[in-house]
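Quantities reported herein were computed from a predicted structural model and do not represent experimental measurements.
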Amino acid sequence: MSYYILIQAWSGADYQKAAALLAKMFKMNPEQAAEILQNLNLGRSWKFERAVSGEQSGKARDMLERLGFQVELLAVKQKTEHLPVKKETEKPSTEETET
(Lines give C-alpha, C1' and ligand atoms only; values in the text may rest on other atoms or scores of the structure.)
Protein backbone atom coordinates (compact mmCIF):
# COMPACT_ATOMS: atom_id res chain seq x y z
CA MET A 1 0.00 0.00 0.00
CA SER A 2 1.16 3.56 -0.64
CA TYR A 3 0.90 6.53 1.68
CA TYR A 4 1.04 10.31 1.66
CA ILE A 5 3.32 11.80 4.29
CA LEU A 6 1.63 14.54 6.29
CA ILE A 7 3.76 16.61 8.64
CA GLN A 8 1.54 18.30 11.19
CA ALA A 9 4.02 20.04 13.48
CA TRP A 10 7.64 20.40 14.51
CA SER A 11 8.97 20.86 18.01
CA GLY A 12 12.59 19.86 17.58
CA ALA A 13 15.71 21.52 18.93
CA ASP A 14 17.87 21.80 15.78
CA TYR A 15 16.21 23.98 13.16
CA GLN A 16 19.12 23.77 10.69
CA LYS A 17 19.34 19.98 10.89
CA ALA A 18 15.56 19.62 10.46
CA ALA A 19 15.52 21.93 7.43
CA ALA A 20 18.48 20.11 5.87
CA LEU A 21 16.79 16.73 6.37
CA LEU A 22 13.54 17.95 4.82
CA ALA A 23 15.41 19.34 1.83
CA LYS A 24 17.35 16.13 1.30
CA MET A 25 14.49 13.71 1.97
CA PHE A 26 11.94 15.45 -0.25
CA LYS A 27 14.43 16.68 -2.87
CA MET A 28 13.76 20.38 -2.48
CA ASN A 29 15.95 23.42 -2.07
CA PRO A 30 16.85 24.60 1.46
CA GLU A 31 14.67 27.70 1.12
CA GLN A 32 11.57 25.58 0.51
CA ALA A 33 12.40 23.42 3.53
CA ALA A 34 12.88 26.50 5.71
CA GLU A 35 9.51 27.86 4.56
CA ILE A 36 7.82 24.56 5.45
CA LEU A 37 9.35 24.69 8.95
CA GLN A 38 8.18 28.29 9.40
CA ASN A 39 4.66 27.28 8.36
CA LEU A 40 4.73 24.31 10.74
CA ASN A 41 5.63 26.71 13.56
CA LEU A 42 2.57 28.78 12.59
CA GLY A 43 0.33 25.71 12.87
CA ARG A 44 0.11 24.91 9.16
CA SER A 45 0.66 21.29 8.19
CA TRP A 46 2.46 20.14 5.04
CA LYS A 47 1.78 17.10 2.85
CA PHE A 48 4.23 15.61 0.37
CA GLU A 49 2.44 15.66 -2.97
CA ARG A 50 3.47 12.19 -4.14
CA ALA A 51 2.52 8.84 -2.67
CA VAL A 52 5.32 6.81 -1.11
CA SER A 53 5.54 3.03 -0.67
CA GLY A 54 4.71 1.56 2.72
CA GLU A 55 8.32 0.65 3.46
CA GLN A 56 9.71 4.05 2.47
CA SER A 57 6.99 5.98 4.26
CA GLY A 58 7.64 4.08 7.50
CA LYS A 59 11.37 4.82 7.34
CA ALA A 60 10.69 8.48 6.55
CA ARG A 61 8.24 8.77 9.47
CA ASP A 62 10.76 7.26 11.91
CA MET A 63 13.54 9.58 10.77
CA LEU A 64 11.33 12.67 10.86
CA GLU A 65 9.93 11.84 14.30
CA ARG A 66 13.47 11.52 15.71
CA LEU A 67 14.01 15.16 14.71
CA GLY A 68 10.82 16.36 16.40
CA PHE A 69 8.30 16.24 13.56
CA GLN A 70 4.76 15.06 14.17
CA VAL A 71 4.03 12.80 11.19
CA GLU A 72 0.92 11.02 9.97
CA LEU A 73 0.78 8.54 7.10
CA LEU A 74 -2.37 8.79 4.99
CA ALA A 75 -3.26 5.67 3.03
CA VAL A 76 -3.81 6.19 -0.67
CA LYS A 77 -7.25 4.92 -1.54
CA GLN A 78 -7.18 2.39 -4.33
CA LYS A 79 -9.87 2.61 -6.99
CA THR A 80 -11.59 -0.74 -7.06
CA GLU A 81 -14.81 0.26 -8.73
CA HIS A 82 -15.11 0.16 -12.46
CA LEU A 83 -17.27 2.58 -14.35
CA PRO A 84 -20.31 0.93 -15.91
CA VAL A 85 -19.93 0.15 -19.56
CA LYS A 86 -22.38 2.10 -21.67
CA LYS A 87 -24.05 -0.08 -24.23
CA GLU A 88 -25.47 1.57 -27.27
CA THR A 89 -28.73 -0.19 -28.02
CA GLU A 90 -30.14 2.42 -30.32
CA LYS A 91 -28.49 4.01 -33.27
CA PRO A 92 -28.45 7.80 -33.21
CA SER A 93 -31.11 9.38 -35.33
CA THR A 94 -29.88 10.78 -38.59
CA GLU A 95 -33.19 12.43 -39.43
CA GLU A 96 -33.46 16.17 -39.00
CA THR A 97 -36.31 17.41 -36.89
CA GLU A 98 -38.76 19.86 -38.41
CA THR A 99 -39.29 23.17 -36.67
Side-chain angles (χ1 to χ4, degrees):
M1 179 175 277
S2 296
Y3 296 89
Y4 289 110
I5 298 173
L6 175 67
I7 301 176
Q8 297 177 332
W10 179 74
S11 61
D14 192 340
Y15 184 88
Q16 295 298 326
K17 188 174 182 179
L21 176 71
L22 275 180
K24 183 177 181 179
M25 185 178 287
F26 297 106
K27 298 180 181 167
M28 63 178 72
N29 65 49
E31 292 79 20
Q32 289 173 306
E35 184 178 338
I36 290 168
L37 275 173
Q38 290 171 356
N39 284 328
L40 290 170
N41 287 332
L42 294 172
R44 298 181 194 136
S45 61
W46 178 78
K47 184 177 94 172
F48 186 51
E49 62 190 25
R50 290 181 290 192
V52 179
S53 73
E55 182 180 345
Q56 287 180 323
S57 61
K59 288 178 182 179
R61 179 188 56 210
D62 294 344
M63 189 179 298
L64 290 165
E65 286 178 346
R66 282 194 296 271
L67 286 175
F69 290 96
Q70 182 183 347
V71 180
E72 185 177 346
L73 299 180
L74 307 172
V76 175
K77 295 182 181 180
Q78 302 287 326
K79 284 192 171 186
T80 56
E81 297 178 16
H82 298 294
L83 295 174
V85 178
K86 182 179 178 182
K87 294 182 180 179
E88 292 196 30
T89 55
E90 297 180 35
K91 292 184 180 180
S93 175
T94 56
E95 297 176 12
E96 293 184 19
T97 56
E98 292 181 26
T99 53

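Taking all atoms of both residues into account, the shortest heavy-atom contact from Ala9 to Leu40 is N-CD2, 3.9 Å. Shortest non-hydrogen contact noted between Tyr4 and Glu49 is CE2-O, 3.5 Å. Heavy atoms only, all atoms of each residue included: Ala19 and Ala33 are closest at O-CB, 3.2 Å. Considering every non-hydrogen atom in both Tyr15 and Ala34, the closest pair reads OH-O, 3.2 Å. Taking both residues in full, the closest heavy atoms of Ala75 and Met1 are given as CB-SD, 3.6 Å, listed atom of the first, atom of the second, then distance.
To the nearest 0.5 Å, the span separating CD on Gln70 from CD1 on Ile7 amounts to 10.5 Å.
The side-chain heavy atoms of Val52 and Arg50, taken from C-beta on, include no pair separated by under 4.5 Å. Using a 4.5 Å cut-off on side-chain heavy atoms (C-beta onward), Leu22 and Leu64 make contact. Residues Leu73 and Leu6 fail the side-chain proximity criterion, which asks for heavy atoms closer than 4.5 Å.
Between Trp46 and Phe26, the two ring planes are perpendicular [angle over 60°; tilted spans 30° to 60°].
The local environment of CE in Met63 is sparse, with at most 12 non-hydrogen atoms from other residues, nucleotides or ligands closer than 6.0 Å.
Of the possible donor and acceptor atoms, none in the side chain of Glu65 sits under 3.5 Å from a partner among the backbone N and O of Asp62.
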